[in-house]
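Both ligands and their constituent atoms are indexed starting at 1 by order of listing.
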Amino acid sequence: MQILVIGSGGREHALAWKSAQDESVSNVFVCPGNAGTALEDKITNVSIDANDFLAIENFCVRESIKLVIIGPEQPLVMGMTDYLQGKGINTFGPSQAAAQLEGSKTFSKDFFIKYGIPTAAYASFDDFGSARHYLDTIEYPTVIKADGLAAGKGVIICSNKEEAIAALNSIFKDQAFGEAGSRVVIEEFLEGEEASFIAVVSKDKIIPLATSQDHKAVGEGDIGLNTGGMGAYSPAPIIDEDINRKIIKEVMEPTMAGLISEGSPYLGFLYAGLMIKDGELKVLEFNCRFGDPETQPILLRLESSLVDLCLAAINNELDSYSIKWADKHSCGVVIASEGYPENYATDKEVTLPEQYSDDMKLFHAGTKLEDGKVLTSGGRVFCATALGDDLKEAQTKAYELVNMVSFDGAFNRTDIGFKGIK
Ligand code: AMP
Ligand code: GLY
(Lines give C-alpha, C1' and ligand atoms only; values in the text may rest on other atoms or scores of the structure.)
(Ligands and ions follow the chains in the order given, each with its own letter.)
Protein backbone atom coordinates (compact mmCIF):
# COMPACT_ATOMS: atom_id res chain seq x y z
CA MET A 1 0.00 0.00 0.00
CA GLN A 2 1.01 3.61 -0.48
CA ILE A 3 0.66 6.12 2.32
CA LEU A 4 1.03 9.89 2.63
CA VAL A 5 2.54 11.93 5.46
CA ILE A 6 1.69 15.64 5.58
CA GLY A 7 4.39 18.07 6.77
CA SER A 8 8.10 18.79 6.45
CA GLY A 9 9.67 18.75 9.91
CA GLY A 10 11.69 16.31 11.99
CA ARG A 11 8.47 14.76 13.25
CA GLU A 12 7.36 14.05 9.69
CA HIS A 13 10.74 12.56 8.74
CA ALA A 14 10.37 10.21 11.72
CA LEU A 15 6.73 9.34 10.90
CA ALA A 16 7.64 8.60 7.27
CA TRP A 17 10.80 6.65 8.17
CA LYS A 18 8.90 4.47 10.64
CA SER A 19 6.01 3.89 8.22
CA ALA A 20 8.39 2.88 5.44
CA GLN A 21 9.70 0.01 7.60
CA ASP A 22 6.45 -1.93 7.11
CA GLU A 23 6.65 -4.66 4.50
CA SER A 24 3.06 -3.93 3.51
CA VAL A 25 4.02 -0.35 2.62
CA SER A 26 5.43 -0.01 -0.90
CA ASN A 27 5.97 3.75 -0.78
CA VAL A 28 5.56 6.65 1.61
CA PHE A 29 4.93 10.05 0.03
CA VAL A 30 5.61 13.19 2.03
CA CYS A 31 3.98 16.55 1.29
CA PRO A 32 6.26 18.49 1.01
CA GLY A 33 8.99 16.70 3.04
CA ASN A 34 12.62 17.75 3.50
CA ALA A 35 16.07 16.61 2.35
CA GLY A 36 15.98 13.76 4.88
CA THR A 37 12.80 12.27 3.45
CA ALA A 38 14.08 12.89 -0.08
CA LEU A 39 17.17 10.76 0.63
CA GLU A 40 15.40 7.75 2.22
CA ASP A 41 14.61 4.49 0.42
CA LYS A 42 10.87 3.95 -0.17
CA ILE A 43 10.10 7.61 0.62
CA THR A 44 9.22 10.20 -2.05
CA ASN A 45 8.68 13.92 -1.59
CA VAL A 46 5.77 15.55 -3.37
CA SER A 47 5.94 19.29 -3.85
CA ILE A 48 2.46 20.12 -2.63
CA ASP A 49 1.94 22.59 0.20
CA ALA A 50 0.89 20.96 3.50
CA ASN A 51 -2.19 23.21 3.62
CA ASP A 52 -3.40 22.71 0.04
CA PHE A 53 -6.46 20.49 0.63
CA LEU A 54 -7.55 20.15 -2.99
CA ALA A 55 -4.10 19.29 -4.36
CA ILE A 56 -3.66 16.71 -1.58
CA GLU A 57 -7.07 15.18 -2.29
CA ASN A 58 -6.25 14.90 -6.01
CA PHE A 59 -2.89 13.32 -5.22
CA CYS A 60 -4.49 10.76 -2.85
CA VAL A 61 -7.01 9.73 -5.49
CA ARG A 62 -4.38 9.48 -8.24
CA GLU A 63 -1.99 7.36 -6.13
CA SER A 64 -4.70 5.28 -4.36
CA ILE A 65 -3.37 6.39 -0.95
CA LYS A 66 -4.57 4.03 1.78
CA LEU A 67 -3.63 6.18 4.78
CA VAL A 68 -2.88 9.86 5.33
CA ILE A 69 -1.04 10.83 8.53
CA ILE A 70 -1.17 14.55 9.22
CA GLY A 71 1.88 15.80 11.18
CA PRO A 72 1.50 19.52 11.96
CA GLU A 73 -1.24 21.42 13.78
CA GLN A 74 -1.99 23.96 11.05
CA PRO A 75 -3.77 21.68 8.56
CA LEU A 76 -5.55 19.89 11.44
CA VAL A 77 -6.86 23.15 12.89
CA MET A 78 -7.90 24.17 9.35
CA GLY A 79 -9.99 20.99 9.04
CA MET A 80 -7.95 18.81 6.70
CA THR A 81 -9.12 15.59 8.36
CA ASP A 82 -12.80 16.47 7.91
CA TYR A 83 -12.12 17.43 4.30
CA LEU A 84 -10.20 14.28 3.32
CA GLN A 85 -12.47 11.92 5.26
CA GLY A 86 -15.42 13.61 3.54
CA LYS A 87 -13.85 12.51 0.24
CA GLY A 88 -13.56 8.92 1.49
CA ILE A 89 -9.79 9.07 2.15
CA ASN A 90 -8.53 7.24 5.27
CA THR A 91 -7.04 10.02 7.39
CA PHE A 92 -5.40 9.86 10.80
CA GLY A 93 -5.83 13.10 12.75
CA PRO A 94 -8.50 14.93 14.75
CA SER A 95 -11.43 16.81 13.25
CA GLN A 96 -11.33 20.59 13.12
CA ALA A 97 -13.66 20.75 16.13
CA ALA A 98 -11.47 18.45 18.25
CA ALA A 99 -8.28 20.22 17.10
CA GLN A 100 -9.58 23.37 18.83
CA LEU A 101 -7.97 21.86 21.93
CA GLU A 102 -4.75 23.20 20.44
CA GLY A 103 -6.13 25.85 18.07
CA SER A 104 -7.54 28.06 20.82
CA LYS A 105 -6.14 28.39 24.35
CA THR A 106 -9.47 29.91 25.48
CA PHE A 107 -11.37 26.92 24.06
CA SER A 108 -9.06 24.47 25.81
CA LYS A 109 -9.05 26.32 29.15
CA ASP A 110 -12.86 26.56 29.13
CA PHE A 111 -12.99 22.85 28.23
CA PHE A 112 -10.71 21.94 31.17
CA ILE A 113 -12.95 23.80 33.60
CA LYS A 114 -16.15 22.34 32.15
CA TYR A 115 -14.89 18.76 32.46
CA GLY A 116 -12.98 19.11 35.74
CA ILE A 117 -9.50 18.66 34.25
CA PRO A 118 -6.80 20.14 36.52
CA THR A 119 -5.19 23.29 35.09
CA ALA A 120 -3.80 26.68 36.13
CA ALA A 121 -6.31 29.41 37.07
CA TYR A 122 -6.83 31.84 34.18
CA ALA A 123 -8.83 34.60 32.57
CA SER A 124 -9.09 35.51 28.90
CA PHE A 125 -9.34 38.93 27.24
CA ASP A 126 -10.09 40.35 23.79
CA ASP A 127 -8.69 43.82 24.35
CA PHE A 128 -5.71 45.58 25.85
CA GLY A 129 -7.71 47.70 28.33
CA SER A 130 -9.40 44.93 30.27
CA ALA A 131 -6.29 42.72 30.20
CA ARG A 132 -4.21 45.64 31.48
CA HIS A 133 -6.70 46.26 34.27
CA TYR A 134 -6.58 42.58 35.31
CA LEU A 135 -2.79 42.86 35.77
CA ASP A 136 -3.43 45.10 38.81
CA THR A 137 -5.32 42.31 40.54
CA ILE A 138 -2.95 39.30 40.26
CA GLU A 139 0.26 37.95 41.74
CA TYR A 140 3.57 37.54 39.92
CA PRO A 141 5.12 35.79 38.10
CA THR A 142 2.27 35.35 35.65
CA VAL A 143 1.94 33.78 32.22
CA ILE A 144 0.50 35.52 29.16
CA LYS A 145 -0.46 33.42 26.16
CA ALA A 146 -1.63 34.31 22.67
CA ASP A 147 -4.91 32.47 22.10
CA GLY A 148 -4.17 31.04 18.66
CA LEU A 149 -1.39 29.02 17.01
CA ALA A 150 2.06 30.58 17.40
CA ALA A 151 4.47 27.71 16.66
CA GLY A 152 5.17 27.13 20.37
CA LYS A 153 6.34 30.72 20.83
CA GLY A 154 3.16 32.50 21.95
CA VAL A 155 3.77 32.12 25.69
CA ILE A 156 5.43 34.87 27.72
CA ILE A 157 6.40 34.34 31.35
CA CYS A 158 6.36 37.69 33.14
CA SER A 159 8.12 38.07 36.48
CA ASN A 160 6.47 41.41 37.32
CA LYS A 161 3.75 43.80 36.23
CA GLU A 162 6.06 45.86 33.99
CA GLU A 163 7.00 42.78 31.97
CA ALA A 164 3.35 41.81 31.75
CA ILE A 165 2.39 45.25 30.41
CA ALA A 166 5.19 44.99 27.86
CA ALA A 167 3.89 41.55 26.84
CA LEU A 168 0.35 42.90 26.34
CA ASN A 169 1.75 45.78 24.32
CA SER A 170 3.67 43.45 22.05
CA ILE A 171 0.66 41.17 21.56
CA PHE A 172 -2.18 43.69 21.20
CA LYS A 173 -0.39 46.80 19.91
CA ASP A 174 2.59 45.44 17.94
CA GLN A 175 0.67 42.30 16.97
CA ALA A 176 3.75 40.14 17.57
CA PHE A 177 1.68 36.98 16.99
CA GLY A 178 -0.66 38.44 14.36
CA GLU A 179 -4.23 37.16 14.41
CA ALA A 180 -3.25 34.48 17.00
CA GLY A 181 -2.86 37.33 19.51
CA SER A 182 -6.25 38.97 19.01
CA ARG A 183 -7.17 37.35 22.31
CA VAL A 184 -4.94 36.46 25.27
CA VAL A 185 -5.11 34.07 28.20
CA ILE A 186 -3.48 35.27 31.41
CA GLU A 187 -2.80 32.41 33.78
CA GLU A 188 -1.34 31.47 37.09
CA PHE A 189 2.37 30.59 36.98
CA LEU A 190 2.91 26.94 37.89
CA GLU A 191 6.05 25.53 39.41
CA GLY A 192 7.20 21.96 38.98
CA GLU A 193 8.65 19.70 36.32
CA GLU A 194 7.20 19.44 32.83
CA ALA A 195 6.49 16.24 30.98
CA SER A 196 4.77 15.29 27.75
CA PHE A 197 2.15 12.56 27.65
CA ILE A 198 1.27 11.49 24.15
CA ALA A 199 -1.30 8.87 23.21
CA VAL A 200 -3.10 7.48 20.21
CA VAL A 201 -6.78 8.10 20.78
CA SER A 202 -9.88 6.85 18.99
CA LYS A 203 -13.16 7.94 20.61
CA ASP A 204 -13.01 6.37 24.12
CA LYS A 205 -10.03 4.09 23.41
CA ILE A 206 -6.49 5.09 24.21
CA ILE A 207 -3.04 3.66 23.57
CA PRO A 208 -0.47 5.65 25.56
CA LEU A 209 2.84 6.01 23.76
CA ALA A 210 6.18 5.79 25.54
CA THR A 211 6.69 8.71 27.93
CA SER A 212 9.05 11.53 27.04
CA GLN A 213 10.33 14.86 28.15
CA ASP A 214 11.12 17.85 25.95
CA HIS A 215 13.52 20.74 26.57
CA LYS A 216 11.67 23.84 25.43
CA ALA A 217 14.08 26.65 26.32
CA VAL A 218 16.85 27.57 23.90
CA GLY A 219 19.60 27.69 26.56
CA GLU A 220 21.42 25.17 28.73
CA GLY A 221 19.73 24.51 32.08
CA ASP A 222 16.35 25.47 30.57
CA ILE A 223 16.96 29.19 30.40
CA GLY A 224 16.28 31.69 27.62
CA LEU A 225 13.51 31.98 25.06
CA ASN A 226 11.03 29.19 24.50
CA THR A 227 11.39 27.26 21.25
CA GLY A 228 9.44 24.46 19.57
CA GLY A 229 11.75 22.11 21.51
CA MET A 230 15.55 21.70 21.57
CA GLY A 231 15.67 17.97 22.32
CA ALA A 232 13.79 15.18 24.05
CA TYR A 233 14.32 11.79 25.59
CA SER A 234 12.24 8.72 26.34
CA PRO A 235 11.20 7.25 28.75
CA ALA A 236 10.74 10.11 31.22
CA PRO A 237 11.27 8.86 34.78
CA ILE A 238 9.07 11.64 36.18
CA ILE A 239 6.04 9.80 34.77
CA ASP A 240 6.02 6.83 37.13
CA GLU A 241 3.14 4.35 37.32
CA ASP A 242 1.22 6.45 39.78
CA ILE A 243 1.43 9.63 37.70
CA ASN A 244 0.65 7.62 34.60
CA ARG A 245 -2.59 6.36 36.16
CA LYS A 246 -3.46 9.87 37.27
CA ILE A 247 -2.90 11.31 33.79
CA ILE A 248 -5.20 8.72 32.27
CA LYS A 249 -7.92 9.10 34.95
CA GLU A 250 -7.77 12.86 35.53
CA VAL A 251 -6.81 14.13 32.08
CA MET A 252 -7.19 11.74 29.18
CA GLU A 253 -10.44 9.97 30.07
CA PRO A 254 -12.40 13.15 30.93
CA THR A 255 -11.07 14.78 27.75
CA MET A 256 -12.14 11.88 25.55
CA ALA A 257 -15.55 11.72 27.27
CA GLY A 258 -15.98 15.50 27.06
CA LEU A 259 -15.26 15.52 23.33
CA ILE A 260 -17.69 12.64 22.77
CA SER A 261 -20.42 14.51 24.64
CA GLU A 262 -19.71 17.62 22.55
CA GLY A 263 -20.20 15.56 19.40
CA SER A 264 -16.55 15.68 18.30
CA PRO A 265 -14.87 12.42 19.35
CA TYR A 266 -11.09 12.42 19.05
CA LEU A 267 -9.03 10.51 16.49
CA GLY A 268 -5.29 10.95 16.30
CA PHE A 269 -2.28 11.69 18.44
CA LEU A 270 -3.27 13.61 21.54
CA TYR A 271 -0.49 15.35 23.44
CA ALA A 272 -0.90 16.71 26.96
CA GLY A 273 1.81 19.09 28.20
CA LEU A 274 1.84 18.69 31.99
CA MET A 275 3.33 20.35 35.02
CA ILE A 276 4.02 17.88 37.83
CA LYS A 277 4.77 18.80 41.42
CA ASP A 278 4.68 16.63 44.56
CA GLY A 279 2.78 13.90 42.72
CA GLU A 280 0.05 16.29 41.55
CA LEU A 281 -0.43 17.34 37.95
CA LYS A 282 -1.93 20.17 35.95
CA VAL A 283 -2.37 20.47 32.20
CA LEU A 284 -0.42 23.31 30.60
CA GLU A 285 -1.73 22.71 27.13
CA PHE A 286 -3.04 20.16 24.69
CA ASN A 287 -1.58 19.59 21.27
CA CYS A 288 -3.68 17.86 18.65
CA ARG A 289 -0.68 16.10 17.12
CA PHE A 290 2.54 14.28 17.91
CA GLY A 291 5.28 16.41 19.54
CA ASP A 292 8.32 17.65 17.70
CA PRO A 293 11.01 16.63 18.74
CA GLU A 294 9.36 14.01 21.02
CA THR A 295 8.30 11.95 17.98
CA GLN A 296 11.90 11.28 17.00
CA PRO A 297 13.13 9.55 20.22
CA ILE A 298 9.73 7.90 20.79
CA LEU A 299 9.54 6.32 17.32
CA LEU A 300 13.13 5.14 17.57
CA ARG A 301 11.90 2.91 20.42
CA LEU A 302 8.72 1.70 18.70
CA GLU A 303 9.03 -1.90 17.52
CA SER A 304 5.46 -2.52 16.35
CA SER A 305 3.93 -1.03 13.22
CA LEU A 306 2.94 2.63 13.22
CA VAL A 307 0.81 2.16 10.10
CA ASP A 308 -1.18 -0.67 11.76
CA LEU A 309 -1.63 1.52 14.83
CA CYS A 310 -3.05 4.43 12.81
CA LEU A 311 -5.30 2.12 10.78
CA ALA A 312 -6.54 0.37 13.94
CA ALA A 313 -7.44 3.78 15.41
CA ILE A 314 -9.29 4.84 12.25
CA ASN A 315 -11.17 1.51 12.12
CA ASN A 316 -12.03 1.64 15.83
CA GLU A 317 -9.96 -1.50 16.49
CA LEU A 318 -7.45 -0.25 19.06
CA ASP A 319 -8.50 -3.05 21.42
CA SER A 320 -6.85 -5.61 19.18
CA TYR A 321 -3.61 -3.68 18.67
CA SER A 322 -0.69 -4.44 20.95
CA ILE A 323 2.10 -1.92 21.04
CA LYS A 324 5.74 -3.02 21.49
CA TRP A 325 8.64 -0.89 22.68
CA ALA A 326 12.37 -1.59 22.65
CA ASP A 327 13.58 -1.99 26.20
CA LYS A 328 16.00 0.89 25.60
CA HIS A 329 16.31 4.58 26.30
CA SER A 330 16.47 7.17 23.56
CA CYS A 331 17.67 10.73 23.32
CA GLY A 332 17.25 13.27 20.51
CA VAL A 333 19.29 16.48 20.27
CA VAL A 334 18.12 19.31 18.01
CA ILE A 335 20.75 21.03 15.90
CA ALA A 336 19.50 24.55 15.16
CA SER A 337 20.62 27.47 13.06
CA GLU A 338 22.24 30.45 14.81
CA GLY A 339 19.62 32.99 15.91
CA TYR A 340 16.77 30.48 16.38
CA PRO A 341 14.11 30.93 17.82
CA GLU A 342 14.35 34.50 16.50
CA ASN A 343 15.81 35.38 13.08
CA TYR A 344 18.12 32.73 11.73
CA ALA A 345 20.14 32.16 8.58
CA THR A 346 19.17 29.60 5.92
CA ASP A 347 20.72 28.16 2.73
CA LYS A 348 23.87 26.98 4.52
CA GLU A 349 25.41 23.88 3.00
CA VAL A 350 25.46 20.89 5.34
CA THR A 351 28.13 18.23 5.73
CA LEU A 352 26.47 14.95 6.68
CA PRO A 353 28.00 11.78 8.15
CA GLU A 354 28.73 9.13 5.52
CA GLN A 355 27.57 6.41 7.85
CA TYR A 356 26.70 5.82 11.46
CA SER A 357 25.65 2.86 13.59
CA ASP A 358 22.18 1.26 13.54
CA ASP A 359 21.25 2.54 16.98
CA MET A 360 21.52 6.13 15.75
CA LYS A 361 19.29 8.08 13.40
CA LEU A 362 19.74 11.58 12.05
CA PHE A 363 16.29 13.04 11.41
CA HIS A 364 16.17 16.10 9.17
CA ALA A 365 13.87 19.04 9.97
CA GLY A 366 14.63 22.37 8.24
CA THR A 367 16.60 21.04 5.27
CA LYS A 368 16.12 20.97 1.51
CA LEU A 369 17.85 19.18 -1.33
CA GLU A 370 19.06 21.43 -4.16
CA ASP A 371 21.27 20.25 -7.04
CA GLY A 372 22.31 17.25 -4.95
CA LYS A 373 23.34 19.43 -2.01
CA VAL A 374 21.67 19.50 1.40
CA LEU A 375 20.99 23.09 2.49
CA THR A 376 19.44 24.45 5.68
CA SER A 377 15.95 25.89 5.33
CA GLY A 378 14.63 26.27 8.88
CA GLY A 379 15.45 27.18 12.48
CA ARG A 380 15.54 23.63 13.76
CA VAL A 381 17.61 21.80 11.18
CA PHE A 382 18.17 18.25 12.52
CA CYS A 383 17.40 16.01 15.44
CA ALA A 384 20.29 13.62 16.14
CA THR A 385 18.70 10.65 17.90
CA ALA A 386 20.16 7.51 19.45
CA LEU A 387 19.27 4.47 21.55
CA GLY A 388 21.18 3.21 24.60
CA ASP A 389 20.80 0.74 27.45
CA ASP A 390 20.32 3.70 29.74
CA LEU A 391 19.71 7.40 29.19
CA LYS A 392 23.36 8.28 29.72
CA GLU A 393 24.43 5.95 26.92
CA ALA A 394 21.66 7.22 24.62
CA GLN A 395 22.75 10.78 25.34
CA THR A 396 26.43 10.04 24.66
CA LYS A 397 25.58 8.43 21.31
CA ALA A 398 23.19 11.23 20.32
CA TYR A 399 26.00 13.73 20.90
CA GLU A 400 28.41 11.55 18.89
CA LEU A 401 25.96 11.88 16.01
CA VAL A 402 25.61 15.65 16.57
CA ASN A 403 29.38 15.93 16.14
CA MET A 404 29.22 14.23 12.74
CA VAL A 405 27.05 17.02 11.28
CA SER A 406 28.25 20.51 10.44
CA PHE A 407 27.05 23.70 8.82
CA ASP A 408 27.79 27.36 9.28
CA GLY A 409 26.09 28.70 12.44
CA ALA A 410 25.00 25.30 13.79
CA PHE A 411 24.31 25.17 17.53
CA ASN A 412 22.74 22.77 19.99
CA ARG A 413 22.15 22.47 23.71
CA THR A 414 24.77 20.25 25.34
CA ASP A 415 22.58 19.08 28.23
CA ILE A 416 19.61 17.31 26.59
CA GLY A 417 18.45 14.56 28.94
CA PHE A 418 19.96 16.07 32.09
CA LYS A 419 16.63 16.06 33.92
CA GLY A 420 16.31 12.30 33.43
CA ILE A 421 19.90 11.59 34.49
CA LYS A 422 20.21 13.75 37.61
P1 AMP B 1 2.22 26.03 26.29
O2 AMP B 1 2.33 26.29 24.82
O3 AMP B 1 0.95 26.51 26.90
O4 AMP B 1 2.60 24.65 26.70
O5 AMP B 1 3.40 26.87 26.93
C6 AMP B 1 4.74 26.73 26.50
C7 AMP B 1 5.65 26.62 27.69
O8 AMP B 1 5.48 27.74 28.57
C9 AMP B 1 5.37 25.42 28.55
O10 AMP B 1 6.00 24.29 28.04
C11 AMP B 1 5.94 25.88 29.88
O12 AMP B 1 7.35 25.76 29.89
C13 AMP B 1 5.61 27.34 29.92
N14 AMP B 1 4.32 27.55 30.60
C15 AMP B 1 3.10 27.59 30.02
N16 AMP B 1 2.13 27.80 30.93
C17 AMP B 1 2.75 27.90 32.11
C18 AMP B 1 2.29 28.12 33.45
N19 AMP B 1 1.01 28.31 33.74
N20 AMP B 1 3.21 28.15 34.43
C21 AMP B 1 4.53 27.99 34.17
N22 AMP B 1 5.03 27.79 32.93
C23 AMP B 1 4.15 27.74 31.91
N1 GLY C 1 7.85 19.77 21.57
C2 GLY C 1 6.70 20.51 21.87
C3 GLY C 1 5.67 20.46 20.82
O4 GLY C 1 5.71 19.68 19.90
O5 GLY C 1 4.77 21.27 20.90
(request) Would you mind running through ligand 1 and noting each atom that sits below 4.0 Å from a heavy atom of Lys216? (result) 10 (O)
(message) Looking at Lys114 and Glu262, is any side-chain nitrogen of the basic one under 4.0 Å from a carboxylate oxygen of the acidic one?
(response) yes
(message) A quick test of your reading: do over 12 heavy atoms of other residues, nucleotides or ligands sit less than 6.0 Å from NZ of Lys246?
(response) yes
(message) So does Ser104 get a backbone contact from the side chain of Thr106, meaning a donor-acceptor N/O pair under 3.5 Å?
(response) no
(message) Which of the numbered atoms in ligand 2 are under 4.0 angstrom from any heavy atom belonging to Pro293?
(response) 1 (N)
(request) For Glu285 and ligand 2, answer yes if some heavy atom of the residue is under 4.0 Å from a ligand atom, otherwise no. (result) no
(request) Using distance alone, decide if ligand 2 has a nitrogen or oxygen within less than 3.5 Å of any nitrogen or oxygen in Lys216. (result) no
(request) Report, in ascending order of atom number, the atoms of ligand 2 lying under 4.0 Å from any heavy atom of Asn287. (result) 5 (O)
(message) Which of the numbered atoms in ligand 2 are under 4.0 angstrom from any heavy atom belonging to Arg289?
(response) 3 (C), 4 (O), 5 (O)
(request) Could you tell me whether Arg11 and ligand 2 have an N or O pair separated by under 3.5 Å? (result) no
(request) Considering non-hydrogen atoms only, spot the tightest contact between Ser261 and Tyr115 and give its length. (result) OG-OH, 3.2 Å
(request) Can you sort out which atoms of ligand 1 are near Phe189, meaning under 4.0 Å from one of its heavy atoms? (result) 20 (N), 21 (C)
(request) Would you please name every residue forming a side-chain hydrogen bond (donor to acceptor under 3.5 Å, both in side chains) with Asp82, sequence neighbours left out? (result) none
(message) Applying ring pair (Phe, Tyr, Trp, His ring centres under 6.0 Å), can you list everything that pairs with Tyr321, at least two apart in sequence or on another chain?
(response) none
(request) Using a strict cut-off of less than 4.0 Å between a Lys/Arg side-chain nitrogen and an Asp/Glu carboxylate oxygen, indicate whether Lys109 and Glu187 qualify as a salt bridge. (result) yes
(request) Decide, yes or no, whether a salt bridge links Arg289 with Glu102 under the criterion of side-chain N to carboxylate O below 4.0 Å. (result) yes
(request) Using a strict cut-off of 4.0 Å, indicate which atoms of ligand 1 neighbour a heavy atom of Leu190. (result) 18 (C), 19 (N), 20 (N), 21 (C)
(request) Using a strict 4.0 Å cut-off to heavy atoms of Asp214, name the atoms of ligand 2 that fall inside it. (result) 1 (N), 2 (C)
(request) Answer yes or no: does an N/O atom from Gly228 fall short of 3.5 Å to an N/O atom of ligand 2? (result) yes
(request) Would you mind listing which atoms of ligand 1 come within a distance below 4.0 Å of any non-hydrogen atom of Glu194? (result) 9 (C), 10 (O), 11 (C), 12 (O)
(request) Just go through Glu187, Glu285, Met275, Lys145 and tell me whose heavy atom is the nearest to atom 2 (O) of ligand 1. (result) Glu285
